[in-house]
Amino acid sequence: MLYSQETMDHFLNPRNVGSIPDANGVAEVGNTTCGDVMRIYLKVEDDVVQDAKFETFGCASAIATSSMTTELIKGKPVTDALKLTNKEVVNKLGGLPANKLHCSVLAEEVLKAAVADYYQRSGADVLSTEL
Ligand code: FES
């Protein structure tokens with residue numbers, strides 16, 4: 001099968017779809033080649049990701065990686081969210097076809113951008129973080 005069971009599950013039953021009205025970390029990233037777009041919303045309190053949601057207009061892999069990404073960062077320190085790599089997300093999904101790995105890169109990019117947005121809004125010294 002092209003996609004793992006886990007990937008199919010997160011594609012067909014994506015977790016954390018939607019927006020967070022009072023999010024304090026938001027970002028949107030698009031892939032100019034395929035035209036897919038991901039937006040992620042973070043609600044961070046005391047430097048812990050209390051909630052994370054996403055809106056993805058894209059392929060099955062983009063939706064599955066967005067879903068898994070939000071699941072992996074909820075309840076975690078924002079510094080952990082910053083360190084989450086697309087490889088970890090892909091591993092949790094049980095792998096992706098090689099020609100779909102770029103979709104997971106989009107999820108990592110949008111997450112890092114949302115954390116950067118959080119740091120900027122909170123007035124943190126972004127340069128001293130591991131961006
Ligand atoms: Fe565009 Fe998957 S094909 S993100």
Side-chain angles (χ1 to χ4, degrees):
M1 187 159 77
L2 189 61
Y3 292 105
S4 70
Q5 270 194 336
E6 193 72 12
T7 300
M8 286 305 293
D9 182 37
H10 277 266
F11 168 53
L12 295 173
N13 309 291
R15 280 60 145 184
N16 312 309
V17 174
S19 61
I20 301 175
D22 61 342
N24 53 359
V26 181
E28 182 178 300
V29 171
N31 181 316
T32 48
T33 308
C34 64
D36 292 351
V37 178
M38 277 183 200
R39 187 179 302 157
I40 191 164
Y41 301 84
L42 305 178
K43 179 68 184 169
V44 184
E45 280 167 27
D46 298 327
D47 283 336
V48 172
V49 180
Q50 301 293 348
D51 200 7
K53 288 194 186 297
F54 76 92
E55 294 169 324
T56 291
F57 307 94
C59 70
S61 301
I63 290 167
T65 51
S66 305
S67 171
M68 181 58 89
T69 296
T70 51
E71 282 290 272
L72 290 175
I73 61 172
K74 276 169 69 171
K76 300 276 170 55
V78 73
T79 46
D80 283 9
L82 199 52
K83 288 180 196 147
L84 184 67
T85 65
N86 72 305
K87 285 200 183 91
E88 289 173 68
V89 175
V90 169
N91 284 342
K92 284 281 183 186
L93 286 172
L96 280 178
N99 65 346
K100 285 290 173 183
L101 284 174
H102 71 273
C103 316
S104 66
V105 173
L106 206 57
E108 183 183 324
E109 281 177 5
V110 77
L111 174 59
K112 284 188 164 47
V115 172
D117 183 51
Y118 161 71
Y119 279 130
Q120 233 157 22
R121 289 187 200 209
S122 63
D125 181 0
V126 181
L127 291 177
S128 70
T129 66
E130 301 168 48
L131 290 179

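Whatever order the structure lists them in is the order used to number ligands and atoms, beginning at 1.
V105 and I73 end up in different hydrophobic clusters when Ile, Leu, Val, Met, Phe, Trp and Tyr side chains are linked at under 4.5 Å.
Considering only heavy atoms from C-beta on, T65 stays 4.5 Å or farther from N86 through its side chain. At least one side-chain heavy atom of S67 sits under 4.5 Å from a side-chain heavy atom of R15.
Only protein N, O or S atoms were considered, and those under 2.8 Å from atom 1 (Fe) of ligand 1 are C34 SG, D36 OD2.
Applying the under-4.5 Å side-chain rule to Ile, Leu, Val, Met, Phe, Trp and Tyr, the cluster around Y41 extends to I20, V26.
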Checklist entry - Taking it one step at a time, do K112 and E108 satisfy salt bridge (Lys or Arg N to Asp or Glu O under 4.0 Å)? => result CA-CA 6 Å; K112 284 188 164 47; E108 183 183 324; 3.3 Å; yes

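By the 4.0 Å heavy-atom criterion, K100 is counted among the residues contacting ligand 1.
In this structure, I63 CD1 and D36 CG are separated by 8.5 Å, a value rounded to the nearest 0.5 Å.
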